[in-house]
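Just so it is clear, the structure is predicted and the values come from calculations on it, not from any experiment. Because only heavy atoms are used, hydrogens play no part in the values below, and waters and symmetry mates are left out as well, while side chains stay in. Residue indices begin at 1 and follow the sequence shown.
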Amino acid sequence: MKTVALVTGASRGLGRELAIGLYRSGHRVIVNYKSQRDNPDGILPGSDFLYIRADVGNVEAVMRMRDTIADQIGRLDVIINNAGITKDGLLINYDEEDWDDVMRVNLKGCYNVIKYLTPIMIESGGGNVINIASRSGLRGNPGQAAYSASKAAIMGMTLSLAKELAPFNIRVNCIIPGYMPTDMGKVSRKALETAKRQSLLGTLTRTEDVFFIIEAILKSNSVTGQILSVDSRL
């Protein structure tokens, strides 16, 4: 039986590349996406994908996603919490609505997915949860107080959940991908060029590098409670 992997926010950018990588390495892949305009159906290669539209920050939507996975597949071995947004702005001028939205998607979305979907993973005999964080969660960035706070919280959540879920044979790790020229990364050309200059090698992170780390984690039986960086700026 194929192992089953869920990637949230997988219609484009890093999430899409991770979904493709998991498919090519033999997983049955559940592709989560948020809105109809992001519908990835037909974009990803191959037929062994299950597409589920759900806003991970909405608990009812995540519960419906749980029911769909339980009914249509009946197992879950890998969760990659990749879905995330950023709304940049100096805190003194920052709208409360924007703050709440970043926290709702990035942090509560991670909480919702782990809370409601790991029971399926437990019934499947265990597995891996991999949370995608950011350098901003460690170093901070001006204009990214909300985004940085959400990503720092995800790292703390990872360390706690590794201890909570270990008795169920579930390993929980976190990856800091680095700056990538994906959809989110291309929004600010200035930030992209700054990241390249700050890199020790003068390069940006490739999505393949992130998947390489994920693949290594999935092949291990003992790696858990780790925050792993693919960012040469750290």
[X] and [Y]: which non-hydrogen atoms are nearest, and at how many Å?
X: L159; Y: G225; value: CD2-O, 3.4 Å
X: A54; Y: N32; value: O-ND2, 3.0 Å
X: T224; Y: A162; value: OG1-CB, 3.7 Å
X: A19; Y: A10; value: CB-CB, 4.4 Å
X: R171; Y: S222; value: CD-N, 4.2 Å

Please tell me if the side chains of [X] and [Y] come closer than 4.5 Å, counting only heavy atoms from C-beta onward.
X: L50; Y: V4; value: no
X: R66; Y: I120; value: yes
X: C110; Y: I114; value: yes
X: M121; Y: L165; value: no
X: M65; Y: L117; value: yes
X: L228; Y: C174; value: no
X: S11; Y: R16; value: no
X: L161; Y: V129; value: no

Should we say atom CD of E97 is surrounded by more than 12 heavy atoms from elsewhere, each under 6.0 Å from it?
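It does not: E97 CD has 12 such atoms or fewer within range.
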Among residues at least two apart in sequence or on other chains, which ones pass side-chain contact (heavy atoms from CB on, under 4.5 Å) with D98?
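Residues passing side-chain contact (heavy atoms from CB on, under 4.5 Å) with D98: K87, Y94, D95.
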To the nearest 0.5 Å, tell me how far [X] [atom1] sits from [Y] [atom2].
X: H27; Y: L6; atom1: NE2; atom2: CG; value: 12.0 Å
X: Q226; Y: N173; atom1: CD; atom2: CG; value: 6.0 Å
X: F168; Y: I122; atom1: CZ; atom2: CD1; value: 4.5 Å
X: E17; Y: R12; atom1: CD; atom2: CZ; value: 13.5 Å
X: Y147; Y: N106; atom1: OH; atom2: CG; value: 7.0 Å

Worked verdict on I227 versus I175 for side chain to side chain contact (heavy atoms under 4.5 Å, CB included):
CA-CA 6 Å; I227 298 172; I175 294 179; over 6 Å; no
Donor-acceptor pair, distance only, cut-off 3.5 Å: does the side chain of [X] make one with the backbone of [Y]?
X: N131; Y: T158; result: no
X: E215; Y: I213; result: no
X: S148; Y: A145; result: no
X: S25; Y: L22; result: yes
X: N141; Y: Q144; result: no
X: N81; Y: I130; result: no
X: S134; Y: S136; result: yes

What's the verdict on side chain to side chain contact (heavy atoms under 4.5 Å, CB included) for V102 and T86, showing C-alpha distance, side-chain angles and the deciding distance?
CA-CA 6 Å; V102 170; T86 183; 5.8 Å; no
Would V223 and L218 show up in the same hydrophobic cluster when neighbours are defined by side-chain heavy atoms closer than 4.5 Å?
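Each belongs to a different hydrophobic cluster.
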I'd like to know if Y111 and V56 are part of one continuous hydrophobic network [Ile/Leu/Val/Met/Phe/Trp/Tyr, side-chain heavy atoms within less than 4.5 Å].
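Per the 4.5 Å side-chain linkage, V56 and Y111 are co-clustered.
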Which of these, N112, I85, D55, sits in a side-chain contact (heavy atoms from CB on, under 4.5 Å) with R104?
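Going through N112, I85, D55 one by one, the side-chain contact (heavy atoms from CB on, under 4.5 Å) with R104 is satisfied by D55 alone.
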Of I154, T8, N82, the residue whose pairing with I132 passes side-chain contact (heavy atoms from CB on, under 4.5 Å)
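The option that passes is N82.
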Begin from the C-alpha positions of Y33 and Y51 and carry the test ring pair (Phe, Tyr, Trp, His ring centres under 6.0 Å) through to its verdict.
CA-CA 8 Å; Y33 64 102; Y51 298 95; 7.0 Å; no
Run the side chain to side chain contact (heavy atoms under 4.5 Å, CB included) check on L76 and I30 step by step: do they pass?
CA-CA 9 Å; L76 187 59; I30 303 164; 4.1 Å; yes
K2 with D77: basic N within carboxylate O range, under 4.0 Å
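No salt bridge links K2 with D77.
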Any carboxylate oxygen within less than 4.0 angstrom of a Lys/Arg side-chain nitrogen, looking at R64 and D67?
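A salt bridge is absent here (no side-chain N lies under 4.0 Å from a carboxylate O).
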Verdict with supporting geometry, V113 and I79, side chain to side chain contact (heavy atoms under 4.5 Å, CB included):
CA-CA 8 Å; V113 170; I79 294 172; 3.7 Å; yes
